[in-house]
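Both counts, for ligands and for their atoms, begin at 1 and track the order of listing. Index from 1, following the sequence.
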Amino acid sequence: MREKFGLTILVAILLCACSKKEQHEQDYDPAHDYFSYANTEQFVTEHLALDLVVDFDARELRGAATLTLQKLDSAATEIVLDTRDLDITGVQVLLADGESVAADYRFGESDKVKGTPLIVSLPQAAAAATKFSLQVTYTTSPGSTALQWLPPKLTAGGKHPLMFSQSQAIHARSWVPLQDTPAVRLTYEATIRTPPELLAVMSANNDPLTPRGGEYQFEMPQPIPSYLLAIAVGNIYFAPLGEQTGVYAEPELLDASVFEFADTQEMLDQAEILFGPYEWGRYDLLVLPPSFPYGGMENPRLSFITPSLLAGDRSLVSVIAHELAHSWSGNLVTNATWRDGWLNEGMTSYLESRLMEVIYDKARVDEERVLSYQELLLDLETVRLNMQALAPRLDVGDPDDFQGTIHYSKGQLFLQYLENAYGRDAFDRFLFAYFDTFAFQTITTERFLDYLDENLLQADSSTVSRADVEEWLYQPGLPDNAPVPSSKTLDDAEALAAAWAEGEIDVTEIPIANWSPQTTVHFINSLPAELPDDQLTKLDEGLGFSDTRNAEIGRAWFIQVAKRRYTPAYEKLERHLNRFGRGRLIEPVYIALAQNGTDLELARSMFATARGAYHPLTEASIARALEAKGIDSK
Ligand code: BES
Ligand code: ZN
């Protein structure tokens with residue numbers, strides 16, 4: 001009887017959960033951006049004009065944003081903009097005839113992730129206008145989630161402050177009041193006022209010959225989504241790499257950057273052959289201080305880059321290929337919402353690998369393919385099932401936390417699968433046409449699926465079915481026939497790791513000098529779980545892992561050091577945590593420490609020392625991880 005009762009309850013719970021899920025799926029609108037308050041079905045922004053003072057003492061941007069809006073719904077009377085922590089001091093409506101009227105405005109309820117909607121009432125005088133401008137005067141807060149204000153001591157030169165933005169995913173709203181959704185594209189212009197000795201650069205037309213002086217003009221004539229708005233101000237200088245390419249950095253890093261990124265022009269030339277014309281004019285890099293939270297950010301015309309790529313041997317430039325490739329996948333054809341992020345990141349990871357094959361060789365790229373595949377397999381062990389689809393139905397949460405390797409590596413694998421099925425020539429023709437068809441547009445996963453179906457699947461219906469594709473897009477895990485990348489050099493390194501651990505070979509017989517850093521990373525990842533400290537000491541002394549100049553080798557090694565509690569290397573581990581600020585390089589090391597059963601408190605105290613130099617987003621993410629581990633281990 002009790003059993004039966006229990007079963008009834010179970011069935012009831014399942015039914016309930018099921019219908020709730022179905023309800024959710026029915027209500028879910030893939031074309032709607034759940035991470036913006038903007039009423040884009042009523043108004044869309046066409047152009048933005050910024051006039052901002054960069055105040056390093058107050059750590060704020062101050063001035064005005066003027067949005068040129070088009071009214072789509074004649075009955076609409078209120079415009080909702082996204083903001084976060086902005087101090088709004090006035091809103092004016094500018095009409096076509098030059099008339100200017102003050103508009104009433106108020107704030108809606110704030111949300112921790114989405115910020116605060118700014119609701120502007122259209123004054124009577126503007127009620128009939130289909131096009132008008134809104135001028136919002138405002139000041140950012142020192143805690144703006146998009147902006148990092150670095151004191152001189154956190155820069156390479158140590159003499160001048162530096163400020164940079166990171167708008168993706170939904171941080172543009174913390175430095176500009178706007179419709180912060182990738183569904184809307186706008187052109188922009190800007191006047192930026194800075195201390196006279198510093199240079200400002202933006203995701204716009206940076207003229208390498210711009211003289212210093214404290215007032216800078218920018219123009220971005222191609223329409224871009226708001227997450228690609230970007231600015232940096234500091235003691236930065238330019239050096240050319242090629243005809244159309246160059247690098248900005250503090251003078252202390254300029255020579256190293258020119259050496260490391262020497263292949264950039266060649267990458268751009270090859271990318272145009274593969275993917276179609278480069279639509280953005282110049283392509284420059286900006287090498288930022290270590291606190292830059294990502295490997296790179298594809299701000300149009302000017303990718304922002306972590307200095308941790310400066311390994312001295314050009315071994316980490318796949319990140320440059322990646323950011324450049326976003327000039328097509330992401331910047332030209334843009335994901336409609338962050339739930340479609342795989343269209344940006346998975347497609348870009350695939351293009352990155354294709355580009356790297358042309359510039360370098362297939363063997364090297366296969367190494368990178370295997371490494372990212374293995375990261376994916378690790379992730380699939382921990383990511384919740386409903387988050388393992390390429391395009392899950394996401395309407396809550398923080399878009400910065402979405403997906404990780406799923407969007408990147410599963411997305412890349414999916415496109416590799418299509419390439420394998422249709423052959424490289426046919427798939428390349430498909431991609432070329434895809435970028436041409438959707439240039440300067442925003443698309444959903446569903447739009448991609450229809451286009452793929454019409455232009456590739458139906459051409460050869462025996463190869464891949466729509467249902468096969470839907471499995472990749474909407475189901476967890478990997479389909480049975482997913483490609484499995486392999487690399488001979490990595491297999492060899494893996495075998496050597498086992499042979500060395502068994503005592504069959506000596507450290508001196510490990511041919512590390514002939515290995516790519518990727519091979520060394522794989523060797524480290526392949527070390528067997530049980531290794532006594534004196535073995536690890538021999539390894540570290542023989543191969544110099546703790547003193548590596550290569551950030552990815554350091555990452556792989558210090559994760560192992562923390563997991564294995566190899567305490568002799570803890571001092572160097574801490575140096576790694578203080579040297580780098582890119583989340584990928586440090587967060588997994590903290591997590592490995594916190595999870596090794598003993599060192600949660602040590603992880604917390606190392607974090608307490610290092611966090612002042614981290615970007616607020618990285619800092620918050622590590623703080624959350626260490627808090628969660630604390631709860632886990634209780
Ligand atoms: N657009 C991303 C960075 C990003 C993603 C910022 C999500 C904010 C939210 C950038 O193109 C990227 O993918 N960077 C990678 C590079 C790597 C995969 C080659 C990174 O930073 O690790
Ligand atoms: Zn990317």
Margin query: If I take atom OH from residue Y227 and atom CD from residue Q168, how far apart are they, to the nearest 0.5 angstrom?
Written below: 6.0 Å
May I ask you to identify the nearest protein heavy atom to [atom], giving residue, atom name and distance to one decimal place in Å?
atom	result
atom 22 (O) of ligand 1	R582 NH2, 2.9 Å
atom 10 (C) of ligand 1	G296 O, 3.2 Å
atom 21 (O) of ligand 1	G295 N, 2.5 Å

Margin query: Between F432 and F275, is the ring pair (Phe, Tyr, Trp, His ring centres under 6.0 Å) condition met? List the steps.
Written below: CA-CA 5 Å; F432 202 97; F275 318 133; 8.8 Å; no
Find all atoms of ligand 1 within a distance of less than 4.0 Å from any non-hydrogen atom belonging to [X], and give their numbers and elements.
X	value
Q166	6 (C), 8 (C)
H326	11 (O)
V319	19 (C)
Y294	6 (C), 8 (C), 9 (C), 21 (O)
E298	1 (N), 2 (C), 10 (C), 11 (O)

Distance alone, cut at 3.5 Å: any donor-acceptor contact between the side chains of [X] and [Y]?
X	Y	value
Q441	R447	no
Q148	S291	yes
E345	H322	yes

Notebook entry, point to check: Is it the side chain (CB and beyond), the backbone, both or neither of Q168 that lies under 4.0 Å from ligand 1, heavy atoms counted?
Noted result: both
Check: Is NZ or CZ of R364 both nearer than 6.0 Å to the six-membered ring centre of Y360 and within 45° of the ring axis?
Finding: yes
Notebook entry, point to check: Taking the six-membered ring for Trp, are the ring centroids of F164 and W175 within less than 6.0 Å of each other?
Noted result: no
Check: Taking the N/O/S atoms of H322 one by one, which is nearest to the Zn ion (ligand 2)?
Finding: NE2
Next item on the list: Write the atom name of the N, O or S atom in E345 that is nearest the Zn ion (ligand 2).
Entry: OE1
Item checked: Parallel, tilted or perpendicular: rings of W557 and F545 (30°, 60°) -> tilted
Margin query: Check this for me - ligand 1, D400, N or O atoms closer than 3.5 angstrom, yes or no?
Written below: no
Notebook entry, point to check: Does Y408 reach ligand 1 with a nitrogen or oxygen that is under 3.5 Å from one of the ligand's nitrogen or oxygen atoms?
Noted result: yes
Next item on the list: Name the option, out of R584, E323, E345, that contains the heavy atom nearest to atom 16 (C) of ligand 1.
Entry: E323
Notebook entry, point to check: Could you walk me through whether W342 and Y408 pass the ring pair (Phe, Tyr, Trp, His ring centres under 6.0 Å) check?
Noted result: CA-CA 6 Å; W342 79 274; Y408 287 82; over 10 Å; no
